Amino acid sequence: MKDAFGSPQSLLVLGGTSEIGLATARRLIARRTRTVWLAGRDEPSIDDAAAGLRALGPDVRTVTFDALDPRSHEEVLGKVFAEGDIDMVLLAFGVLGDQANDESDPPAAVRVAQTNYTGALSAGLVCAAALQQQGHGSLVVLSSVAGERARRADFIYGSSKAGLDAFAQGLGDAMHGTGVHVMVVRPGFVRTKMTAGLPATPLATTPGAVAAAIELGLRRRSETVWVPGALRLVMSGLRHLPRPLFRRLPL
């Protein structure tokens, strides 16, 4: 099943309980998507998410996937692709961590890096190879504006997203001309369960808005998507701000 005009018939969500991932799945189901795979660790939550999507009409399947077990990725994801072509893979897993705690708990900080970067690198390479073998498809990677420049408040999380972002851009270059489209999505603060209790930043967004931006990006065959779009200019300014001034900002 080949995607047409950015509307995939089949979708694999890595991070199957992600609010952004599920919002994207619902939006695509309303258009054309008829087969959805949800991959994740928490089986009860995955089952609940799958049931919610099935009510919308598609064939929804689940698979146990652990970002922290890269040795299993080729086997687990290979079984998904063996069931039929996947038009779109959405890499949507990740953890925020607890900056204040993680600075004094290196193993906890490493877990953030292993989940957000190492696990994503492994899964991304496996999926990109599978998409290339079938000759078509999109790999959509959820990055973050936090990766644009390290901030005092979340530099552990931000550094992991910076690594992921650089990897995804390079992977996109490697896949150019193969029929595989790689799109990096850089949301700002997204109001989800993961960010509950945290003070929202200016230009905060929602899972639904990110899903809409992903769909538009697919249709345009974009390589980088900012959500909201105004963040592109904001982060360009912050990225080039002299460091002494940057340190004074309430970030």
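Since this is a predicted model, take the numbers as computed values, not measurements. All residue numbers in this chain count up from 1 along the given sequence.
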Under the side chain to side chain contact (heavy atoms under 4.5 Å, CB included) test against Ile20, which residue among Leu142, Val227, Thr206, Thr205 passes?
Leu142
With sequence neighbours left out, which residue pairs that include part of residues 194-218 fulfil the ring pair (Phe, Tyr, Trp, His ring centres under 6.0 Å) condition?
none
Val184 with Met235, same ILVMFWY side-chain cluster at under 4.5 Å
no
Would you be so kind as to tabulate the donor-acceptor pairs closer than 3.5 Å made by side chains of residues 164-177, with sequence neighbours excluded?
unit_1, atom_1, unit_2, atom_2, d
Asp165, OD1, Gln169, NE2, 2.5
Asp165, OD1, Arg186, NH2, 2.8
Asp165, OD2, Ser143, OG, 2.8
Asp165, OD2, Arg186, NE, 2.8

Would Val110 and Val95 show up in the same hydrophobic cluster when neighbours are defined by side-chain heavy atoms closer than 4.5 Å?
no
Any side-chain heavy-atom pair from Glu148 and Arg232 closer than 4.5 angstrom?
no
Using modelled atom types only, decide if a donor and an acceptor are shared between the side chain of Arg219 and the backbone of Ile214 within a distance under 3.5 Å.
no
With no hydrogens and no angle check, is any side-chain donor or acceptor of Ser104 less than 3.5 Å from a backbone partner on Asn101?
yes
Any Phe81 side-chain heavy atom under 4.5 Å of Gln133 side chain:
no
Per side chain to side chain donor-acceptor pair (under 3.5 Å), Ser160 is matched among Asn116, Asp154, Thr118 by Asn116
With distance as the sole test, does His181 use its side chain to make a donor-acceptor pair with the main-chain N or O of Ser222 at under 3.5 Å?
yes
Hey, is Glu103 close enough to Arg152 for a salt bridge, meaning N to O under 4.0 Å?
yes
Is there a path of hydrophobic side-chain contacts, each under 4.5 Å between heavy atoms, that joins Ile156 and Leu96?
no
For Glu75 and Lys79, run salt bridge (Lys or Arg N to Asp or Glu O under 4.0 Å): C-alpha distance rounded to whole Å, both residues' side-chain angles, the deciding distance at 0.1 Å, then the answer.
CA-CA 6 Å; Glu75 179 182 359; Lys79 290 179 179 178; 3.6 Å; yes
